[in-house]
Amino acid sequence: MTTFCRFGLLLSLIIFSLGMQTLWGTQMHVPEESPEYPFLQAMETRGLLESPLPATRPWIKSDVAEHLKTLLKKTDKLRGTEREILQMLVNRYRPELSDVKHPRLTQTDSVHAFPLHLREDLQRQWTRSIISEPDYLFLFETDDEYLFLQGDGLVRLENKNELFRFSGHVGFRGFAQMGNVSVFGEAMAYRLFVRDGYRDDPVDSRGFYLHADSASSLVSFDNTMGYIQLQSHGGLFTLGNDPIRWGYGEEPLYISGKTATFPYVMWQRAFYKFRYVFFHGSLMNATYTLSEDGHSKLYPEKYLAGHRLEVYPLQNLSFSFTELLVYGERNPELTYFIPVNFLWSAEHNLEDRDNSILGFEMAWQPFKGFRLHGSVLLDEFKFSEINSEWWGNKRGYQIGGSMALPGILSWELFFEGTLVRPWTYSHYKEINTFTHKGDCLGFYAGPNARQYTGGIRGWFSATHYFNLSIKALEKGIEPLPKDHPDYFPIGSNANQNYNDRNKEYDFSTKNLMGEIQKTLSLDFRWQWQFMNNGWLDFTWGPRWRDSEMTHYAQIQVQVKH
């Protein structure tokens, strides 16, 4: 570890020992691709955190800062690479961890604008340390206000077998913390050049509206995300539209965070050994009708409500209870806006018209360096049929864990097994399916699926991260095409109407039904942070399905400033 890193960690520890605190901390959401997630999860596996990490994302930067403070007191237990990563995060969490201004500002300055310091800022990108705090196009900072504007550009080369194509995006994001109020906005424009034989959905599309130009083989789409928040003693209140992910593991059962974003209102509060999160969001149905003039798409109202209670009785043990409910084709129900209402009972009192899901989870660390998690999802059940093959046993199970490797390497092994029975997430009313724009909100492969995952991940150095995994997915699919006179659905898609099922199988519905399609995937990702605001990513992933291999690879460069 460099002398700079040792000095920085020592200075940070002295600051916290003296009790110096910032006047405010930002409530900025931590993006899903941020290094905080794998790093803090690795530290949790090693038993270096004083409290379990929340299984609801996005995390809030002020909460992450508390875990960084814990690690600053335990630097003697960190490996060399881990100390460098910690120092990088401490620098980037300066507003949450100290009252020192951004390095580009003097004690008397409050504004830094990139166009006015173009040559100097460009030179700094290549000469300063990788682990320094990022620079921005525009920065404003006072004792109780903080605002930045950042540009973002990405170029990607994608490969499928012998075919290649280009994609990328450009855009801006901005954030402002004004006392207890925080605001974030992001707008991105995406472009993709497709070709015959390689018309797979764009990597970034996530269900966004696509504009296709058949003449130039150009596909374009755009997206915006944002939120406004109020932090008070009563908790954090959010009106937002950015990815939500609920659940432990590599591929959560509850909300995967892989669909298109949706707008929501949220309230969350941590107290003693508990954490409670509630939200109510607006979804889009999979299908629509046309207006009388035939020009406008008319989508019925569709909503998602949910709450989650996490309990941390011990430093190495946590439990959670989750409720989710989908409803629509009417105005929002006020009873579903009450954060502590038991949604299952509220739905029954509204004449059982909606689709509710219950979830129970546990995470346990029997000893330092090894962590287990387990999840159960209940979409519908009867105690009298709980051990039978009744079709209504719409359930999902998941168990997994991680193990830190001994020695000087900052690597860990991980594994996970998931089973989601047929018809889970579905409903007899299309509006009540657990989907957004036709995509399953829960387990990414949907119902009628079983998957085993294993792999290894970690850091070669503070600027080189890798993840190598293998997935074996078994997916039940319909044995007959839809235009066949004897066709019937088997519960392989969350959008299917379970009243259309073949009732001959009502008490002989196996964990997987229909023809079993097997897919074996090998995924390797390597990320190199080659400068403070620049990343190079390489991914490689062959797929074997029914003995046929498809090779995928991509390389991308992303720069933020």
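Shown here is K503, whose NZ atom has more than 12 heavy atoms of other residues, nucleotides or ligands within 6.0 Å. Heavy atoms from other residues, nucleotides or ligands lying under 6.0 Å from CH2 of W544 number more than 12. Within 6.0 Å of the CG atom in D352, the count of heavy atoms belonging to other residues, nucleotides or ligands exceeds 12. No more than 12 heavy atoms of other residues, nucleotides or ligands sit less than 6.0 Å from atom OH of Y452. Summarising the local packing, CD of E548 is surrounded by 12 or fewer heavy atoms from other residues, nucleotides or ligands at distances under 6.0 Å. By the neighbour-count criterion of 12 heavy atoms within 6.0 Å, atom OH of Y288 is sparsely surrounded, having that number or fewer from other residues, nucleotides or ligands. Other residues, nucleotides and ligands contribute over 12 non-hydrogen atoms within 6.0 Å of the CZ atom of F367. Annotation for L334: atom CG does not count as buried by contact number, only 12 or fewer foreign heavy atoms lying within 6.0 Å.
Residues L480 and Y487 approach most closely at O-CD1, 3.1 Å, considering heavy atoms. Nearest heavy atom pair, residue M188 against residue F172, reads CE-N, 4.2 Å. The nearest pair of heavy atoms linking P447 to W423 is CB-N, 4.0 Å. Taking every heavy atom of both residues into account, T26 and Q177 meet most closely at CA-OE1, 3.2 Å. Closest heavy-atom contact between F434 and G442: CE2-N, 3.6 Å. Summarising the geometry of Y93 relative to V64, their closest heavy-atom pair is OH-CG1, 3.5 Å, with the distance given to 0.1 Å.
With hydrogens and angles ignored, the 3.5 Å screen pairs no side-chain donor or acceptor of N223 with any backbone N or O of A187. Checking side-chain atoms of T45 against main-chain N and O of M403 turns up no donor-acceptor pair under 3.5 Å. Using modelled atom types, one side-chain atom of N341 and one backbone atom of T335 make a donor-acceptor pair closer than 3.5 Å. Not one N or O on the side chain of D506 forms a donor-acceptor pair closer than 3.5 Å with the backbone of W391. Checking side-chain atoms of Y276 against main-chain N and O of P339 turns up a donor-acceptor pair under 3.5 Å. At distances below 3.5 Å, not a single donor-acceptor pair connects side-chain atoms of D523 with backbone N or O atoms of G541.
With 3.5 Å as the limit, one finds a donor-acceptor pair spanning the side chains of T418 and Q398. Donor-acceptor pairing under 3.5 Å is recorded for the side chains of T287 and E430. Judged purely by distance below 3.5 Å, without hydrogens or angles, the side chains of N467 and R525 never pair a donor atom with an acceptor atom. With hydrogens and angles left out, the side-chain atoms of Y498 and T433 include no donor and acceptor closer than 3.5 Å. For the residue pair Q496 / S426, no side-chain donor-acceptor distance below 3.5 Å is found, with atom types taken as modelled. In summary, the side chains of S167 and E158 do present a donor paired with an acceptor at a separation below 3.5 Å, with no hydrogens or angles considered. For the residue pair R545 / T550, no side-chain donor-acceptor distance below 3.5 Å is found, with atom types taken as modelled. In summary, the side chains of D379 and T424 do not present any donor paired with an acceptor at a separation below 3.5 Å, with no hydrogens or angles considered. Side-chain atoms of D242 and T261 form no donor-acceptor pair, as typed in the model, at a separation below 3.5 Å.
For the pair R156 and Y190, the cation-pi test (distance below 6.0 Å, angle within 45°) is failed. Note that R501 lies outside the cation-pi zone of F488, set by a 6.0 Å cut-off to the ring centre and a 45° limit from the axis. Judged by a 6.0 Å distance limit and a 45° cone about the ring axis, K273 is not positioned over the six-membered ring of Y312. Cation-pi geometry between R57 and W246 is not met at under 6.0 angstrom from the ring centre and within 45 degrees of the axis.
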Quick one, E250 with R457, criterion salt bridge (Lys or Arg N to Asp or Glu O under 4.0 Å). Give me CA distance, side-chain angles, the key distance, then yes/no.
CA-CA 12 Å; E250 308 300 313; R457 60 190 168 209; 3.0 Å; yes

Between R421 and E389, is a salt bridge (Lys or Arg N to Asp or Glu O under 4.0 Å) present by the stated rule, with each step listed?
CA-CA 10 Å; R421 281 179 52 83; E389 294 181 343; over 6 Å; no

Apply salt bridge (Lys or Arg N to Asp or Glu O under 4.0 Å) to the pair R371 and E44, showing each step before the final yes or no.
CA-CA 8 Å; R371 185 173 178 273; E44 183 181 40; 3.4 Å; yes

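Each of E96, M28, Q268 was evaluated against I60; a single residue qualifies, Q268, per the side chain to side chain contact (heavy atoms under 4.5 Å, CB included) test. With R450 as the partner, the salt bridge (Lys or Arg N to Asp or Glu O under 4.0 Å) test is satisfied by one option alone out of E416, E474, E251: E474.
At least one side-chain heavy atom of I244 sits under 4.5 Å from a side-chain heavy atom of M266. Considering only heavy atoms from C-beta on, F279 comes within 4.5 Å of L304 through its side chain. Looking at heavy atoms from C-beta onward, T509 lies in side-chain contact with Y505 at the 4.5 angstrom threshold.
Taking 4.0 Å as the cut-off between side-chain N and carboxylate O, R191 and D204 do not count as a salt-bridged pair. Taking the charged nitrogens against the carboxylate oxygens, D152 and R173 do have a contact shorter than 4.0 Å, which makes a salt bridge.
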